[in-house]
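Below you'll find the structure I mean.
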Amino acid sequence: MAAEDKKSYPMLIDGKFVTGEAGMRPVINPANGALVSRKVAPAMIAGDTIVLKPHEDTPLSALEMARIFVEAGVPGGVVNIITGRGEIVGEVLCTEPGVDLITMTGSVPTGKRIMANASRNLAPVSLELGGKAPFIVLADASRGPSSSLPSR
């Protein structure tokens, strides 16, 4: 792509939105932060900058991932981590003009709120909502307290 064909989008760097040449993709993640790599890697491959907002109760895995990216030499501003409560931080991310795509895994009520906020700027949204994760119990698994987990 020629330089003159590139669009400028805002990126979150050091707590401030600044203009850059890649798209910005907020990634809002659930408490089971294992999904971080499934959302961040494809966005990086597509050339987007990422603003990852991990669940407020489990931010450490995302912060550790950021440390690994720094050690690996990923340029500053490509992967940004912003922590805080969803109703505050998430709302800012979802209403920011110039967002290329908002992706979120979580609950249906949160998905509805993100859709409403994203509609202000017609930002595209990709949602993975509630309870679609597989749960595999092997034949030799203990039949103790964990056997009731799939029904929760």
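Every heavy atom of this structure was used, including side-chain atoms; hydrogens, water molecules and symmetry mates were not. One is the number of the first residue; the rest follow in order along the sequence.
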Practice task
For residues Thr83 and Val89, determine if any side-chain heavy atom of one lies less than 4.5 Å from a side-chain heavy atom of the other.
Solution key: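 No, too far: nothing below the 4.5 Å cut-off.
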Practice task
State plainly whether one hydrophobic cluster holds both Leu60 and Met65, where clusters connect Ile, Leu, Val, Met, Phe, Trp and Tyr through side-chain heavy atoms under 4.5 angstrom apart.
Solution key: yes
Handout entry: Heavy-atom pair with the smallest gap, counting every atom of Lys53 and Arg85
Key =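 Lys53 and Arg85 have their closest heavy atoms at CE-C, 4.2 Å.
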Exercise for the section: Please report the shortest heavy-atom distance between Ala66 and Ile81, naming the atom on each side. Expected result: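 Between these two residues, the closest heavy atoms are CB-CG1, 3.6 Å.
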Handout entry: Spacing of CG belonging to Leu52 relative to OG1 belonging to Thr103, to within rounding of 0.5 Å
Key = 10.5 Å
Practice task
Drop me the distance from Ile102's CD1 to Glu96's CD, to the nearest 0.5 angstrom.
Solution key: 10.0 Å
Problem - Check: Thr95 main-chain N/O paired with Asn117 side-chain donor or acceptor under 3.5 Å - result: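 Not at all, since once roles are kept as given, no pair shorter than 3.5 Å links the two residues.
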Practice task
State plainly whether one hydrophobic cluster holds both Leu127 and Leu122, where clusters connect Ile, Leu, Val, Met, Phe, Trp and Tyr through side-chain heavy atoms under 4.5 angstrom apart.
Solution key: no
Handout entry: Separation between OG of Ser126 and CG of Leu101, rounded to the nearest 0.5 Å
Key =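 Those atoms lie 6.0 Å apart.
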Exercise for the section: Rounded to the nearest 0.5 Å, what's the gap from CG on Asp48 to CD1 on Ile50? Could you check? Expected result: 6.5 Å
Exercise for the section: Kindly compute the distance separating OG1 (Thr110) from CE (Met104), expressed to the nearest 0.5 Å. Expected result: 5.5 Å
Exercise for the section: For the residue pair Ile114 and Val125, establish whether any side-chain heavy-atom pair is separated by less than 4.5 Å. Expected result: yes
Practice task
Any chance you could measure Leu63, atom CG, to Thr58, atom OG1, to the nearest 0.5 Å?
Solution key: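 Output value for this atom pair is 10.0 Å.
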Completion exercise
When every non-hydrogen atom of Leu93 is compared with those of Val99, the smallest separation belongs to O-CG2, 3.7 Å
